[in-house]
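Have a look at the structure below before the remarks.
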Amino acid sequence: MNNSSHSSMKNQKVPFIVTIDGPSASGKTSVARGVAKKFGWNWISTGAFYRGLAYVAKLLQIDFESEFSEKINPLIEDKLIRLCQSSLWKVQMDPENTRVVFQGKDITNFIYREEVGEWASKVSLIESVRAHLLQAQRDCAQAGSGLVAEGRDCGSVIFPKAQVKIYLTASSSQRAERRALEEGSSPDLIKAAQKARDAQDSERKVAPLVIPEDSLVIDASSMDLNAVIQTVANTVLLKK
Ligand code: DC
């Protein structure tokens, strides 16, 4: 797996990096997209790496779910690591969405379902998998003058020296309603699934979801999207 950034496009200047971490469906993607557009920067959903890996693993019948207990089966772990290194699939930055391509076919539309988020959360527990995706995530910063990276460990692990760090959250009901609306499913079911996924992402040993040091915490429960984007943009302008 590789990503779409080109080392030949490496900027001399250190890129400006904004990280946005937070629980599921807190609006990280929409805010990252909006902030990146304001400054003419790239943005990346780092969750797409885990979603893409989990989705492609399922397509290839790598059964990471039933083999998942206290410790992953080493044979399955080995297959997942080889998949992390494989050129069968790639993650591509795009102004509208972070895309995933498998064997030349764009599979982006399939990976953002809540069910795939649950698979992604499972593969993201595996330390060796995280280690193998880290460099490709960091390389996303090489392709432009700035990058907005959203996920769970962007400010804590991927870009610990980011100039601006945001922790974005919202009430669990609002987060569930947002995803339910997108998927046409029941808010109650989504709420339960998100609760389990957030607990798994926060309680894992490696790179758990945390509020990074020096981050601005934004509770978007009573804010509209533009207000959140403007708050982040103002924070960027103060640091630029
Ligand atoms: O942000 P998302 O819903 O697309 O993320 C899907 C899963 O991927 C999330 O539940 C945990 C994992 N993830 C991670 O471990 N670290 C990241 N930086 C981003 C996502």
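One-based numbering, in listed order, for ligands and for the atoms of each. Values below: every heavy atom of this structure, side chains too, minus hydrogens, waters and symmetry copies.
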Between [X] and [Y], does at least one N-O distance fall below 4.0 Å, as a salt bridge requires?
X      : Y      : value
Glu183 : Arg178 : no
Lys165 : Asp214 : no
Asp198 : Lys195 : no
Asp21  : Lys28  : no
Arg197 : Glu118 : no

What residue and heavy atom of the protein are closest to [atom], and at what distance?
atom                    : value
atom 3 (O) of ligand 1  : Arg51 NH2, 2.9 Å
atom 16 (N) of ligand 1 : Arg130 NH2, 3.1 Å
atom 8 (O) of ligand 1  : Tyr50 CB, 3.6 Å
atom 20 (C) of ligand 1 : Gly47 CA, 3.4 Å

For Asn42, which residues count as a side chain to side chain contact (heavy atoms under 4.5 Å, CB included) partner, sequence neighbours excluded?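 Asn42: side chain to side chain contact (heavy atoms under 4.5 Å, CB included) contacts with Met93, Ala143, Leu147.
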For ligand 1, note which part of Arg197 has a heavy atom under 4.0 Å away: side chain, backbone, both or neither.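 Just the side chain.
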Between Asp153 and ligand 1, which part of the residue brings a heavy atom under 4.0 Å of the ligand: side chain, backbone, both or neither?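 The part of Asp153 near ligand 1 is both the backbone and the side chain.
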Tell me the closest heavy-atom pair linking Ile72 and Glu77, and the distance in Å.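 So the two residues come closest at CG2-OE1, 3.7 Å.
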Answer yes or no for Arg204: is there a heavy-atom contact with ligand 1 below 4.0 Å?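 For ligand 1, residue contact (heavy atoms, under 4.0 Å) with Arg204 is present.
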Using heavy atoms and a 4.0 Å limit, tell me yes or no: is Gln200 in contact with ligand 1?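 Not so, Gln200 does not reach ligand 1.
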Identify which of Ala54, Ala120, Ala25 has a heavy atom lying nearest to atom 7 (C) of ligand 1.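 Residue with the shortest heavy-atom distance to the ligand atom: Ala120.
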